[in-house]
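Accompanying notes for the structure given below.
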Amino acid sequence: MSTTDKASAEAPHDAPESAESADSASAEAAASAEASAEASAEASAEAAAGAQLSTAPLEDAPGGPVGIGVLGWARWFWRQLTSMRVALILLFMLSLASIPGSLIPQNQVDLMKVAAWKKEHASWVGAAEKLQLFDVYSSVWFSAIYLLLFISLIGCILPRSWQFVGQLTGRPPAAPKLLNRMPAYTTWRTDSSPDEVLATAHGLLRRRRFRTEAGAGSGSGAGSVSAEKGYLREAGNLIFHVALIVMLIAFAWGQYFKSEGGKLVLRGKGFSNTLTQYDDFKSGGLFDPADLPPFSFTLDKFDATFERTGPQKGTPRDFKAYVTFTNGAHGKPEKREIQVNHPMEVDGSKVYLLGHGYAPVISVTDSTGKVIYKDAVPMLPQDGNLTSTGAIKVTDGYKDKDGKTTQLGFAAMFVPTFAGAGQGTMFSQFPELDFPALALNAWHGSLGVDSGLPQNVYQLDTSKMEQFKTEDGQPLAKRMLPGESMELPGGQGTVKFEGIERWATFSITHQPGSGLALAGAVAAIAGLAGSLFIQRRRIWVRAVRGEDGVTVVEMAGLGRSESAKIPEELAVLAGALHEQTPTAAPAPPVADDGPEPAEAEEVEGERA
């Protein structure tokens with residue numbers, strides 16, 4: 001018989017076995033499908049248990065605009081603008097946009113530096129002006145980024161706030177069917193009834209500031225308690241974003257309405273808070289000079305102490321300015337002190353002490369002996385020992401030997417403690433007036449002060465001037481001590497070093513919104529800390545009476561992210577609940593008494 005025939009002949013005998021195998025396979029497939037369905041249901045239950053555990057709003061689905069025409073594009077653009085991703089991009093763009101304002105001089109800060117930059121970079125001036133690089137913080141493009149960031153943050157906050165309100169009014173979800181699938185889980189058996197266990201758990205969780213919800217089970221005597229905690233996490237997120245908006249408002253408020261100016265005041269001289277009294281002044285775009293608070297002060301005395309010995313010799317120890325302050329035109333004079341980092345506050349403005357220096361008192365007489373100039377001339381410090389340079393400018397009243405009106409200029413160097421004799425130079429070796437000396441170079445001609453262009457008061461423009469010469473043709477220069485004089489060649493006059501005064505520089509600032517900015521910064525830090533360290537989590541407790549009458553207690557915990565704190569917290573809660581519902585004692589073993597005595601005797605008789 002061939003193999004084919006054998007297979008054909010054996011086939012009828014194998015048919016029942018094959019049918020049985022097919023039935024078995026079908027049963028296994030059905031069981032597998034049922035298990036898959038059950039697993040899918042369990043996964044769905046677990047997903048439902050963790051649903052909305054994250055308080056962040058759902059992200060929009062990827063893709064283009066939904067809708068037709070302009071309305072669809074507008075909705076799509078609004079969703080993109082108010083997304084957290086775009087807000088972070090705009091914040092990064094704002095930080096980049098502020099870089100040119102730090103590299104290029106600004107009109108609102110220093111016009112002289114702007115003019116110097118334009119002179120040095122003449123080929124870039126046209127492009128820089130078109131791009132508004134000299135007014136970065138008030139430019140169109142910087143303002144556009146700022147406003148878009150402002151709108152984006154508001155658009156982020158509004159839907160999150162609405163969702164957060166809904167979560168605050170919601171209740172914790174019911175316990176899933178299989179608690180043992182949760183990341184943190186524990187169970188035990190107790191003699192307490194399910195109602196007692198659930199009541200105890202409910203009170204325990206409420207005392208731990210959990211929001212609780214009791215849920216009835218599907219079986220007789222079955223039930224559960226759901227609890228949730230950590231809502232302040234999203235509150236921290238919202239506080240952080242609101243604080244950013246507050247800081248942006250404070251920044252804009254301060255930039256538009258701020259004012260800041262500097263003033264150098266000689267000892268014995270005064271200052272009145274009006275625009276014309278400032279040496280330099282800058283303000284915001286919406287600032288009104290009429291808003292300057294009316295006050296004045298006079299510098300009565302300035303004290304400075306320095307370290308005399310040791311490796312820190314010459315280091316300043318204390319600066320203090322004593323002033324007579326008057327608030328308003330008819331205010332009563334008051335004695336006040338201003339120190340570094342301790343400003344004088346007046347109606348929202350602050351008067352800071354910035355620096356100090358020396359002002360040699362110089363007198364100039366003409367060829368007739370008439371004093372045409374006498375004043376204390378502030379010198380600009382160049383180092384820590386107050387080696388100082390400056391310029392003395394005599395603009396009016398002087399006539400040369402021919403009777404022609406001209407101007408005088410003296411390049412000056414002053415040292416409070418002279419050193420460097422015989423070395424071809426002079427410098428100060430201590431900032432106190434131990435051995436003061438003044439060196440002058442004399443010039444005559446035009447100082448350039450009538451050109452209308454701003455000029456540095458500490459520098460001498462000699463482009464239109466000629467230096468005085470001695471009889472041997474050398475430039476006229478002399479180093480003097482207090483009380484000494486320098487004669488101009490040809491009997492054209494005398495310059496005398498009369499004495500020394502002190503000066504102090506003050507900064508008067510009015511920065512509205514600074515308190516609001518500080519409050520926003522503190523709130524932002526607090527909100528960020530809350531969003532980072534507070535975790536949203538849920539706890540479930542289920543109590544079911546078993547067939548033997550003993551209650552089975554199950555506890556499970558779930559957090560927004562994997563964290564070791566969830567099992568730790570569950571262990572603490574389970575321990576507290578276990579103390580009040582302890583584990584049931586094990587049931588006694590069932591005794592095996594064996595056969596009746598009569599039967600035993602009968603068996604023994606048969607064996608015998």
Side-chain angles (χ1 to χ4, degrees), residues 261-274 277-280 293-309 312-347 349-363 374-390 392 412 414-418 428-438 457-458 481-483 496-509:
K263 180 63 179 179
L264 185 148
V265 182
L266 289 165
R267 183 173 56 185
K269 303 293 183 179
F271 166 77
S272 179
N273 192 30
T274 59
Q277 286 279 303
Y278 284 93
D279 295 332
D280 57 86
F295 69 88
S296 61
F297 65 86
T298 301
L299 179 60
D300 300 325
K301 182 182 177 183
F302 181 85
D303 284 343
T305 57
F306 303 90
E307 189 68 32
R308 282 281 180 181
T309 58
Q312 294 185 343
K313 180 181 178 181
T315 302
R317 292 302 180 193
D318 186 30
F319 296 149
K320 188 178 296 185
Y322 300 88
V323 301
T324 300
F325 167 78
T326 303
N327 192 359
H330 306 287
K332 182 180 179 180
E334 304 175 18
K335 297 294 184 179
R336 294 194 180 183
E337 299 179 4
I338 306 176
Q339 302 182 48
V340 177
N341 298 326
H342 292 82
M344 179 175 64
E345 299 187 16
V346 185
D347 296 336
S349 298
K350 294 183 178 181
V351 181
Y352 291 91
L353 175 62
L354 294 185
H356 72 103
Y358 296 102
V361 180
I362 306 297
S363 65
K374 184 177 182 180
D375 201 0
V377 183
M379 298 286 148
L380 188 65
Q382 304 296 315
D383 57 27
N385 287 326
L386 298 185
T387 300
S388 306
T389 60
I392 304 167
F414 174 80
V415 292
T417 302
F418 173 72
S428 176
Q429 59 183 1
F430 195 75
E432 285 281 14
L433 294 173
D434 293 344
F435 186 21
L438 175 69
V457 297
Y458 300 103
L481 300 179
K496 186 176 181 180
F497 183 13
E498 300 278 356
I500 304 166
E501 285 289 352
R502 305 197 75 151
W503 58 260
T505 53
F506 299 90
S507 175
I508 299 89
T509 64

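Just so it is clear, the model here is predicted, and its values are computed rather than measured.
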Within-4.5 Å side-chain heavy-atom neighbours: Ile508 and Tyr278: yes
I need the minimum non-hydrogen distance between Leu299 and Ala321, along with the two atoms involved. CD1-CB, 3.9 Å
Does some side-chain heavy atom of Glu345 sit less than 4.5 Å from a side-chain heavy atom of Lys350? yes
Taking all non-hydrogen atoms of both residues, which atom of Gln312 and which atom of Arg317 are closest, and how far apart? OE1-NH2, 2.7 Å
pair Phe319-Leu353: side-chain heavy atoms closer than 4.5 Å: yes
Any side-chain to backbone donor/acceptor pair from Thr305 onto Asp318? Under 3.5 Å, distance only. yes
Looking at every heavy atom in both Asp279 and Leu264, which two are closest together, and how far apart are they? OD2-N, 2.8 Å
Atom OG1 of Thr324 and atom CD of Glu334: how far apart are they, to the nearest 0.5 Å? 10.0 Å
What distance separates Gln429 CD from Asn385 CG, expressed to the nearest 0.5 Å? 8.0 Å
NZ or CZ of Arg502 within 45° of Phe302 ring axis and under 6.0 Å: no
So, Ser363 side chain and Lys374 main chain: donor-acceptor pair closer than 3.5 Å or not? no
Where does the angle between the aromatic ring planes of Phe435 and Phe418 fall among parallel (under 30°), tilted (30 to 60°) and perpendicular (over 60°)? perpendicular
Taking all heavy atoms of Ser428 and all of Val415, pick out the closest pair and write down the distance. N-CG1, 3.6 Å
If only atom types and distance count, is the side chain of Ser507 paired as donor or acceptor with the main-chain N or O of Tyr352 below 3.5 Å? no
Do the non-hydrogen side-chain atoms of Pro316 and Pro431 ever get within less than 4.5 Å of each other? no
Starting at NE2 of His356, measure out to NZ of Lys320 and round the result to the nearest 0.5 Å. 14.5 Å
Please work out whether the ring planes of Phe506 and Phe297 are parallel, tilted or perpendicular, with thresholds of 30° and 60°. perpendicular
Using modelled atom types and a 3.5 Å cut-off, is there a donor and acceptor pairing between side-chain atoms of Asn273 and backbone atoms of Pro293? yes
Nearest 0.5 Å, please: how far is CG in Asp375 from CD1 in Ile362? 10.0 Å
Flag side-chain contact, heavy atom, 4.5 Å: Lys335 against Tyr322: no
Side chains of Thr505 and Lys263: do they bring a donor and an acceptor to under 3.5 Å? no
For a 4.5 angstrom cut-off between non-hydrogen side-chain atoms, does Phe306 reach Thr315? no
Exam field: side chain Asn327 to backbone Gly331, donor-acceptor pair closer than 3.5 Å: no
Please report the closest heavy-atom contact between Pro360 and Phe497, naming both atoms and the distance. CB-CE1, 3.7 Å
Please round to the nearest 0.5 Å and tell me the distance separating atom CZ of Phe430 and atom CG of Leu386. 10.0 Å
Pairwise side-chain contact, Tyr358 with Met379, heavy-atom cut-off 4.5 Å (strictly under): no
Do you know which two heavy atoms are closest between Pro381 and Trp503, and how far apart they sit? CD-CZ2, 3.8 Å
Report the C-alpha distance between Val351 and Phe295 in whole Å, list the side-chain angles of each, state the deciding distance to 0.1 Å, and finish with yes or no for side-chain contact (heavy atoms from CB on, under 4.5 Å). CA-CA 11 Å; Val351 181; Phe295 69 88; 4.0 Å; yes
For the residue pair Leu380 and Ser388, establish whether any side-chain heavy-atom pair is separated by less than 4.5 Å. no
Interatomic spacing from CG in Asp300 to CD in Glu337 - rounded to 0.5 Å: 11.0 Å
